[in-house]
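Worksheet: one structure, shown below.
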Amino acid sequence: MSDKKTRTIDVNYIARVEGEGALSLDIEGDAVTNVQLKIFEPPRFFEALLRGRDFKEAPDITARICGICPIAYQMSAIQAMESLLDIQVDPQVQQLRRMIYCGEWIESHSLHMHMLHAPDFLGFPDAIQMAKQHRKEVERGLRIKKAGNSLVECLGGRSIHPINMRVGGFYRLPEAAELKALRDEIQWAIDASVETVHWAAQFEYPDYEQEYECIALSHPEQYAIECGSVVSSQGAAFTAERFEEYIEEFQVPYSTALHARLKGRGSYLVGPMARYNLNYAQLPASIKGLAEEVGLGSTCTNPFKSILVRGLEVLYAFEEALRIIDQYEKPTTDAPQISPCQGVGYGCTEAPRGILYHRYEVDDHGAIKVAQIVPPTSQNQPTIEQDLKRFIADYTALDDDALGDKCEAFIRNYDPCISCSAHFLKLKTNRR
Amino acid sequence: MTRPLIIGIGNEYRGDDAAGLAVTRSLEGKLGGIADIAYCPGNVMNLLYIWEGRERVILIDTVTSGEKPVGFLHHFHAESEQIPALLSRSSTHVLGIVEVIELARSLGTLPHRVTLYGIEGKEYGIEMGMSASMQQVLTSVTEEVETAIQRELELPPS
């Protein structure tokens, strides 16, 4: 703190978020005048790296953008290429894709809930200290995550950077017996996920309801994950093909990650809360019932309660996986023969942290000429900054260390993935 | 008693972070007969699952103290000593190796004996291939790790 009226707080590294970033706060008197979320992982140039590569390579190359959500990258790339080639996949293949995506949601959400987010509510500096007093809950979280790993491993060949999905289908489709072998652990995980939601419901949540323009995929028949069209809580509705007509990325000088906004409207929210608020009607009665039991209505606008929404999505993902396993009949071919064609393909799927958009221009030899990727954390950055500015206004009297801790905990509500946007946290506070 | 488990840890695409994987691969032919070999190439939290049910685990990873030359071999008995937090590099890993060991200790799931061989690294850029300095010492580091493991497992020298 430089003097009593003016201060700059730097959180030089934000812990317990995916990747690397920093935060700078300007405070004049008691007012927060500026908040900058700085993502300082080096620019990663994946879009440039894809140029000249074969269209069939895009899923496995882009999967390397993130170790937490590779399925999301694979699926958005696959969807884009299949839209370009006008490929209609076997409905069973589509269901398997949904199931492996469920596995990724489970892995990502359970990790964030138990290892990164819960310590904030229970007053522990990290999951290691929390585990000493909440061993049962941490063990349960680890086992839930392991069950998610098993889904991804079964369908993807391995749990980290799975390699089995391809444009048109899979390299190798599983036998029904391989899927059925997962049933017992999924049954356990369904009960365990209900216990986890009840556990999280006991946390003390700050009263912090916000107004958001939520954006998520929506699908007429299911809670959208691997397909659907884009909808907004303010009435916008468009397909992936029109994404760039509605949403624009823009650069800010302090971050290596692009920000995004709705043209003419500004910031918006993607991720679990946006999905829940827009697609609550698609959830089964069992999930709605549990939501009601823990005090959630059909909408959730308190970012601290996003941990409850993640818990409900984990439960939903297990239920979906079980349904898919029980209905599975192995298709006759793993994937059709495909030939390249010139054109533009668009893909948009629901990564654990929100919608992930891909666009590719491909030449008649199948080489990628242009690639564009808009990850969820990039889209959420302006909203995180605005929310934090409002939230932290009540805490400016705190010393820099305590204020820094408050900011870090607040940012974890959004589970930002800096690796993906990487495009995340050190805190700098300027007090004037 | 289960066979010892040697786990190579690292990221093939982050410069010197690949050293633990490379050293472990080189040991497969030499120690594969008396120990099981596994790899943890991504999220190190997966160690919690990989070493489940094991009594004796040997970890080979890249660490950075910033105080030792590239290739220097750090050696810790994690079951009886705390590994300096300094060695847990800031990375895109969700938890570092030190945090995962401490989490397992808190949960009471740390294997009975856990040895960490930490190879001092320096360059962690997003690129294939280790730094020239690491490549230069990799063979001697591999021999040093092999000798240390043979001594630890009370094997005759090869």
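In the text below, chain A, chain B and the rest are named by the order of the sequence lines, each starting its count at 1.
- Checked against ring pair (Phe, Tyr, Trp, His ring centres under 6.0 Å), B/Phe72 has the following partners two or more places apart in sequence or in another chain: B/His74.
- Other residues, nucleotides and ligands contribute over 12 non-hydrogen atoms within 6.0 Å of the CD atom of B/Glu28.
- Separating the CD atom in B/Glu102 from the CD atom in A/Gln129 is a distance of 9.0 Å, to the nearest 0.5 Å.
- In this structure, the separation between CE on B/Met45 and CD on A/Glu107 is 10.5 Å, given to the nearest 0.5 Å.
- For the options B/Leu103, B/Leu107, B/Val100, heavy-atom pairs under 4.5 Å to chain A are most numerous at B/Leu107.
- For the ring-ring contact (aromatic ring centres under 6.0 Å, His included) condition, the pairs that include at least one residue of residues 101-121 of chain B, sequence neighbours left out, are B/His75-B/Tyr117.
- Counting only distance, with no hydrogens or angles, the side chain of B/Ser106 and the backbone of A/Lys132 share no donor-acceptor pair below 3.5 Å.
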List the steps, then state whether side chain to side chain contact (heavy atoms under 4.5 Å, CB included) holds for B/Asn46 with A/Asn149. CA-CA 9 Å; B/Asn46 285 332; A/Asn149 288 0; 3.4 Å; yes

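- Proximity to chain B among residues 136-146 of chain A is limited to A/Val138, A/Glu139, A/Leu142, A/Lys145, A/Lys146, judged by heavy-atom separations below 4.5 angstrom.
- B/Tyr39 pairs by the ring pair (Phe, Tyr, Trp, His ring centres under 6.0 Å) definition with nothing, not counting sequence neighbours.
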